[in-house]
2 protein chains.
Amino acid sequence: MTEIQKNVESASETYSSSFNQGHLALPPAKKYLVLTCMDARIDPARAFGISLGDAHVIRNAGASAQDALRSIIISEQLLGTQEIVLVKHTGCGMLTFKNEDAYGIVEKTLGSEASAELKSRGLDFLAFPKLEDAVKQDVEYLKNTKLVPDSVNISGWVYEVETGKTVRVV
Amino acid sequence: MTEIQKNVESASETYSSSFNQGHLALPPAKKYLVLTCMDARIDPARAFGISLGDAHVIRNAGASAQDALRSIIISEQLLGTQEIVLVKHTGCGMLTFKNEDAYGIVEKTLGSEASAELKSRGLDFLAFPKLEDAVKQDVEYLKNTKLVPDSVNISGWVYEVETGKTVRVV
């Protein structure tokens, strides 16, 4: 067992010993979803004020709307959420590279078999060069797809990892 | 401004007013990533013991490894994580439907244009019928892809939404 696995077990013991939220229902009580980045410096529950049971939280590299589409459709169509809060953040890793860089790193560190698998998948890493533009573009993407109905309210924000503030962009 | 947007702004004010973690680095300090479900009843930071800055947290519908692959590659190859903690959970919505159900609901509620868009994307919703089997299968998936090197330690767990416990499966 690794130190990280031991830490999960000890956190589980502590958390479950005072846990009293076993009654919460599957559909989010406040009918919204938050889409944000996987970045280690973001604690969505505290930074964005999400109480347990209130909202779906989708996280991926860069808070990509395109990458999250499967989860968003499930959230909206099967579990009744009606609002999307999309939050990218300052200092995001996605601002620092391009597809060709990632493809090059995989080839160099993982070798030719991995590189061939990556190419055969045609994976787009969905990096972006400008933060606020990316927020606007992802909100537009969600407004344009027919898979998110017009009745869904969508807002776009930037979380500042330096200050802990979340600022509305669109 | 919606109630949910007001809530983000007020949470931001509270959180940032006592925020003192602006120094944290981009790469996760403890070099691991947690992959779990978007379910509203999961608070990964508290349930799994993740301190701010320590780990990437990827969340999607069902904690799907396949859906998370883009983010996992970025986490491992560009940001130096070396261990994966994969956590699915009891009562998951992904246990309750199949692709054909989701396709039917989209057609019924969003209409034929949305249905055509969904079909043209060929989207797989990646639902699963059995929880522990799905944990094992996703761990296998990550062990089998060349895009995750053998040196990465991968464990699979189930979080119990009824008790707040996280139990190791594999």
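Keep in mind it's a predicted model, so treat the numbers as computed, not measured. Labels below follow one simple rule: chain letters A, B, ... track the order of the sequence lines, proteins then strands, and each chain is numbered from 1.
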Which answer fits [X], side chain, backbone, both or neither, if we ask what part of it has an atom under 4.5 Å from a heavy atom of chain A?
X        : answer
B:Ser18  : neither
B:Thr166 : both
B:Asn153 : side chain

Which atoms of [X] come close to chain B, meaning under 4.5 Å heavy atom to heavy atom: side chain ones, backbone ones, both, or neither?
X        : result
A:Asp67  : both
A:Thr36  : neither
A:Val161 : backbone
A:Ala45  : side chain
A:Glu83  : side chain
A:Ala116 : neither
A:Asp124 : backbone
A:Thr145 : both
A:Ile42  : backbone

For the residue pair A:Tyr159 and B:Phe19, categorise the inter-ring angle as parallel (less than 30°), tilted (30 to 60°) or perpendicular (more than 60°).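 The arrangement is perpendicular - the two ring planes meet at more than 60°.
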Decide yes or no for [X] and [Y]: does some side-chain heavy atom of the first lie under 4.5 Å from some side-chain heavy atom of the second?
X        : Y        : result
B:Ile4   : A:Lys31  : no
A:Arg121 : B:Leu69  : yes
B:Lys165 : A:Tyr15  : no
B:Phe48  : A:Asn7   : no
B:Glu9   : A:Trp157 : yes

So which atom in [X] and which in [Y] form the shortest heavy-atom distance, rounded to 0.1 Å?
X        : Y        : result
B:Arg70  : A:Leu123 : CA-CD2, 3.9 Å
B:Ala114 : A:Leu147 : O-CD2, 3.4 Å
A:Ser71  : B:Ala61  : OG-N, 2.9 Å
A:Val57  : B:Arg59  : O-CB, 3.2 Å
A:Lys146 : B:Leu110 : O-CD1, 3.9 Å

Say you draw a straight line from [atom1] of [X] to [atom2] of [Y]; how long is it, rounded to the nearest 0.5 Å?
X       : Y        : atom1 : atom2 : result
A:Leu78 : B:Asp101 : CG    : CG    : 8.0 Å
A:Thr2  : B:Lys30  : OG1   : NZ    : 11.0 Å
A:Met38 : B:Asn60  : CE    : CG    : 12.5 Å
A:Arg46 : B:Asp43  : CZ    : CG    : 9.0 Å

Going through the distances and angles, do A:Leu26 and B:Arg41 end up as a side-chain contact (heavy atoms from CB on, under 4.5 Å)? CA-CA 7 Å; A:Leu26 169 58; B:Arg41 295 165 295 179; 3.3 Å; yes
Under the side-chain contact (heavy atoms from CB on, under 4.5 Å) rule, what do A:Phe125 and B:Ile73 come out as? Steps first, then yes or no, please. CA-CA 9 Å; A:Phe125 286 100; B:Ile73 296 171; 3.7 Å; yes
